[in-house]
Amino acid sequence: MSEWWLYRPADLLMFSRATYERLFGQVNADAGPLLVAAVLATTLALVILVARQTSARTALWLLAVAWATAGWAFHWRHYAQVHLAGPAFGVAFGVQALVLAVAGAMASPAVTRRAHTGPTVHAAATLGLLLVAVGGWPLLGVALGRPWPQVELAGLAPDPTALTTLALLPWLHRALPAPLAWALWVLPLAWCAFSVMTLATLGSALAPWLALAALAPLALAVAATLRARRRP
């Protein structure tokens, strides 16, 4: 038996880049126009919530629906056919959906209202990151040669779903207890790390962009936390 340390990431992949990219076309086709329209409406609702600085509770519940849908539509129905870890990722996405739903229930109306009194710059940064996740990510894929039927949509594909969540978390921090707020980062960041490794191994130019898009919201949240601690 070969020594385990001689294996490279490419040796662990069970599919080619073309096969992986075709999965997104299959997900979109199987979802159908009604579910795709519902997913797009959900992302539009999130953009409106952030732009108007209104209900963090609603945003958390919409994110919960997005994670549950992506876990079922992508991981359970398609990724599991090409990767043994597909079902496990589906369960992880379901866990994240449950945690987001619980977080939404814990974001009381009073706390929610206080969450939206932050500086305009912070709100604008959150909105910009969200627009990158829900709009910029699909367009970047097309710009790099992905056909339109294979675009990745937040709520169906895992990468933009995770990026959408990360984009919103700096804004949602003020509506939640600190331990719970930081716990919400774990699975989105873990998935992005795995996806960056997968994309890099497949030779996709999306890999560094995904790393950058995932780390930018974390940097914003850490900066906001440090700034809040320095206040008297």
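The closest side-chain donor-acceptor pair between Thr201 and Thr198, if any, does not fall under 3.5 angstrom. Side-chain polar atoms of Thr161 and Trp67 form no donor-acceptor pair below 3.5 angstrom.
Each of Leu34 and Val65 belongs to its own hydrophobic cluster when Ile, Leu, Val, Met, Phe, Trp and Tyr are linked at side-chain heavy-atom distances under 4.5 angstrom. Leu44 and Leu40 fall into different hydrophobic clusters, where Ile, Leu, Val, Met, Phe, Trp and Tyr side chains are chained together by heavy-atom contacts under 4.5 Å. When the side chains of ILVMFWY residues are joined at heavy-atom separations under 4.5 Å, either directly or via intervening members, Trp209 and Leu199 end up in a single hydrophobic cluster. The hydrophobic clustering, which links ILVMFWY residues whose side-chain heavy atoms are closer than 4.5 Å, places Val186 and Leu176 apart. Residues Val142 and Leu144 are members of one and the same hydrophobic cluster, defined by side-chain heavy-atom contacts under 4.5 angstrom among Ile, Leu, Val, Met, Phe, Trp and Tyr.
Aromatic pair His78/Trp72: ring centres not closer than 6.0 Å. Aromatic rings from Phe74 and Phe89 are positioned such that their centres are separated by 6.0 Å or more.
With hydrogens and angles ignored, the 3.5 Å screen pairs no side-chain donor or acceptor of Thr43 with any backbone N or O of Val134. Side-chain atoms of Thr164 come within 3.5 Å of backbone N or O of Pro160 as a donor-acceptor pair. Side-chain atoms of Asn28 come within 3.5 Å of backbone N or O of Val151 as a donor-acceptor pair. The closest donor-acceptor contact from the side chain of Thr19 to the backbone of Phe15 lies at 3.5 Å or more, if one exists at all. Of the possible donor and acceptor atoms, one in the side chain of Gln96 sits under 3.5 Å from a partner among the backbone N and O of Leu184. Side-chain N or O atoms of Arg146 include none that pairs as donor or acceptor with a backbone N or O of Glu21 at under 3.5 Å.
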With side-chain contact (heavy atoms from CB on, under 4.5 Å) as the criterion, how do Asp30 and Arg77 come out once you've worked through the C-alpha distance, each side chain's angles and the decisive distance to 0.1 Å? CA-CA 9 Å; Asp30 289 352; Arg77 298 195 64 189; 4.1 Å; yes
Before you tell me yes or no, could you show the steps for Leu163 and Leu210 under side-chain contact (heavy atoms from CB on, under 4.5 Å), namely the whole-Å CA-CA distance, both residues' side-chain angles and the distance that decides it to 0.1 Å? CA-CA 8 Å; Leu163 291 179; Leu210 178 59; 3.8 Å; yes
Check the pair Leu156, Phe24 against side-chain contact (heavy atoms from CB on, under 4.5 Å), reporting the backbone distance first and the verdict last. CA-CA 9 Å; Leu156 288 177; Phe24 300 107; over 6 Å; no
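Residues Leu180 and Val99 meet the side-chain proximity criterion, which asks for heavy atoms closer than 4.5 Å. When side chains are defined from C-beta on, Leu140 does not count as touching Val132, because their heavy atoms never get closer than 4.5 Å. His83 has its side chain out of reach of His75: every pair of non-hydrogen atoms, C-beta onward, lies at least 4.5 Å apart. Using a 4.5 Å cut-off on side-chain heavy atoms (C-beta onward), Leu100 and Trp61 make no contact. Side-chain atoms of Leu187 and Phe93, non-hydrogen and from C-beta on, never get closer than 4.5 Å to each other. Counting heavy atoms from C-beta on, the side chains of Leu218 and Leu166 never come closer than 4.5 Å. Looking only at side-chain heavy atoms (C-beta outward), Leu206 and Trp137 come within less than 4.5 Å of each other. Contact of the His173 side chain with the Pro170 side chain is not registered, since no non-hydrogen atoms from C-beta on lie closer than 4.5 Å.
Leu169 contributes atom CG, which lies 10.0 Å from atom OG1 of Thr126 (distance to the nearest 0.5 angstrom). Leu62 contributes atom CG, which lies 6.0 Å from atom OG1 of Thr42 (distance to the nearest 0.5 angstrom). Remark: Leu49 CG to Leu168 CG distance equals 8.5 Å, nearest 0.5 Å. The structure places CG of Leu202 at 7.5 Å from OG of Ser16, a figure rounded to the nearest 0.5 Å. For the atom pair CG of Leu63 and CG of Leu172, the computed distance is 7.0 Å after rounding to the nearest 0.5 Å.
Heavy-atom minimum distance, Ala59 versus Trp171: CB-CZ3, 3.8 Å. Across every non-hydrogen atom of Ala64 and Ala101, the tightest pair is CB-N, 3.8 Å. The shortest heavy-atom contact between Ala216 and Leu129 is CB-CD2, 3.9 Å. Val39 approaches Ala154 most closely through the heavy-atom pair CG1-O, 2.7 Å. Between Gly86 and Tyr79 the shortest heavy-atom distance is CA-CD2, 3.9 Å. Scanning both residues, Cys192 and Ala162, for their nearest heavy atoms gives SG-CB, 3.9 Å.
Other residues, nucleotides and ligands place more than 12 heavy atoms under 6.0 Å from the CH2 atom of Trp185.
The aromatic rings of Phe194 and Trp191 lie tilted to each other, with the angle between the two planes from 30° to 60°.
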